[in-house]
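Heads up, the thing below is written out as structure tokens.
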Protein chains: 2
Amino acid sequence: MTTAQHTPKLTARGAATRTRIVAAAANLVREHGAAGTSLDDVMAASRTSKSQLYHYFANKEDLLRAVAWQQTDRIVEAQRPELDQLDSLAGLRRWRDKFVAARDEAQNVGGCPLGSLAGELADGDPENRVVLQKCFTAWASPLLMGLTTMRDQGQLRPDADPDALAEAIMAALQGGLLLSNTYRSSRPLARALDMAIDHVTSFATVRGAAVG
Amino acid sequence: MTTAQHTPKLTARGAATRTRIVAAAANLVREHGAAGTSLDDVMAASRTSKSQLYHYFANKEDLLRAVAWQQTDRIVEAQRPELDQLDSLAGLRRWRDKFVAARDEAQNVGGCPLGSLAGELADGDPENRVVLQKCFTAWASPLLMGLTTMRDQGQLRPDADPDALAEAIMAALQGGLLLSNTYRSSRPLARALDMAIDHVTSFATVRGAAVG
DNA sequence: CAAAAACTGGACCAGCAAGTCCAGTTTTCT
DNA sequence: AGAAAACTGGACTTGCTGGTCCAGTTTTTG
């Protein structure tokens, strides 16, 4: 992904410091949520000082936006092996399995790092929403491409709308993660994703069913 | 719904005060989220004092749990006309339409009041999760009953699992609301719910299709 | 009608939050 | 080399937060 930020000129050391800050903040946000993460925590975890934070970021929300980018990179990167072959029903199912397994490994604690960020940031600065939208789009992009390929190859009927399908899958994913976190069980997520995949399957042609 | 709390003995005035506090807190939480709502805000909005808050609630989380109950009541109550006839595909679609319309009326600002509460409370006191689970269950309950009826009446195939269907619908709903809030558009919600209803439809019998 | 219990108001506190300031060091550029 | 710009540390300020305390009033109850 490498979602480059518009950071004009940075020394090697400066860039490293900035990266360290964002990484530390991302870890904290993943564990305690955005509101539950103080700048002091970020300072301690990244071994930096207040003035450095404000040297690299305008304010906390600005830092949080950078965290959103980083999370997106991280998520997309972690799922690259699966996302890269999301061009068949079988590939979609592998992606689902990996996701559910990952949640179980994390004992279903903590929702989607991007989803919780969205919940806390979406009602703030309008700039936040722009960033979050781009993050979701970036995340869904491999999904969208895979679905488009499937349709173009004739695995899905021509009337299948890859855009609508991808968006619905993302919704199922987010909602599933929220419920799974609340119930401390991967079951809601699994059911939500199964529903989403069944939905895609309902657009499959004979050929698509054979491939998938 | 009337999810009664275990409030031992309360004077008429005391009960009124308590209700006033919860209602005010619920409004604030709906607008600014749980973390964004201070007890001072609640005091001002409910015309009460600190000591009253702590007379009726053990601490902020306790108040927030009461808010979750109240939100659930409110949600279920608001949708009673539709939820009561959720025993056909047509009824399900009416419910969907009402929901999407309501979101558009609210200009898609603010996510699900219960969903955002879940995001912020689920990782705190374990008691929080118990309450949230009960809230989601209460919300999904009419859905579950409707789907069960549909299966028992032969509108859905015997292998349809009302429990799984209801949970998947809730996930689609929550995820759809999150994305709709982020995109300030009801489109993601509409697509997610359409997917969910299509999923139910895929279990419909000839008879069910006729009724729905 | 009194005493007990329920209720109320608001002053107060300690801690922590984001954000500011500035004096000093290191790196970069010419 | 030497000035400018980038970078660094940390003390400090201001405001708010959840939570405590207690003195006083109202309501309930024996």
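Order of the sequence lines fixes the chain letters, A, B, ..., with proteins taken first and strands second; residue numbering starts at 1 for each chain.
Phosphate contact (OP1/OP2 of C/dA18, side-chain N/O of A/Lys60, threshold under 4.0 Å): present.
Distance, A/Tyr56 OH to C/dG19 C1': 18 Å, rounded to whole Å. Atom CD in B/Glu61 sits about 8 Å away from atom P in D/dG19, given to the nearest Å. The separation between B/Asn59 atom CG and D/dG19 atom P is 5 Å, rounded to whole Å. As a whole-Å value, the separation of A/Leu53 CG from D/dG9 P is 11 Å. Distance NE2 (A/His55) to P (C/dT27): 14 Å, rounded to an integer number of Å. Here D/dT20 presents its P atom at 7 Å from OH of B/Tyr54, a figure rounded to the nearest Å.
Using a 4.0 Å cut-off between charged side-chain N and carboxylate O, A/Arg94 and A/Glu82 make no salt bridge. Remark: A/Arg151 does not engage A/Asp161 in a salt bridge, criterion side-chain N to carboxylate O under 4.0 Å. Using a 4.0 Å cut-off between charged side-chain N and carboxylate O, A/Arg191 and B/Asp163 make a salt bridge.
DNA chain D lies under 4.0 Å from at least one heavy atom of each of the following residues of residues 34-43 of chain B: B/Thr37, B/Ser38, B/Leu39, B/Asp40.
In this structure, B/Trp139 and B/Phe136 have parallel ring planes: the angle between them is below the 30° cut-off, well short of the 60° mark.
If you check the side chains of B/Tyr183 and A/Thr137, you find a donor sitting under 3.5 Å from an acceptor.
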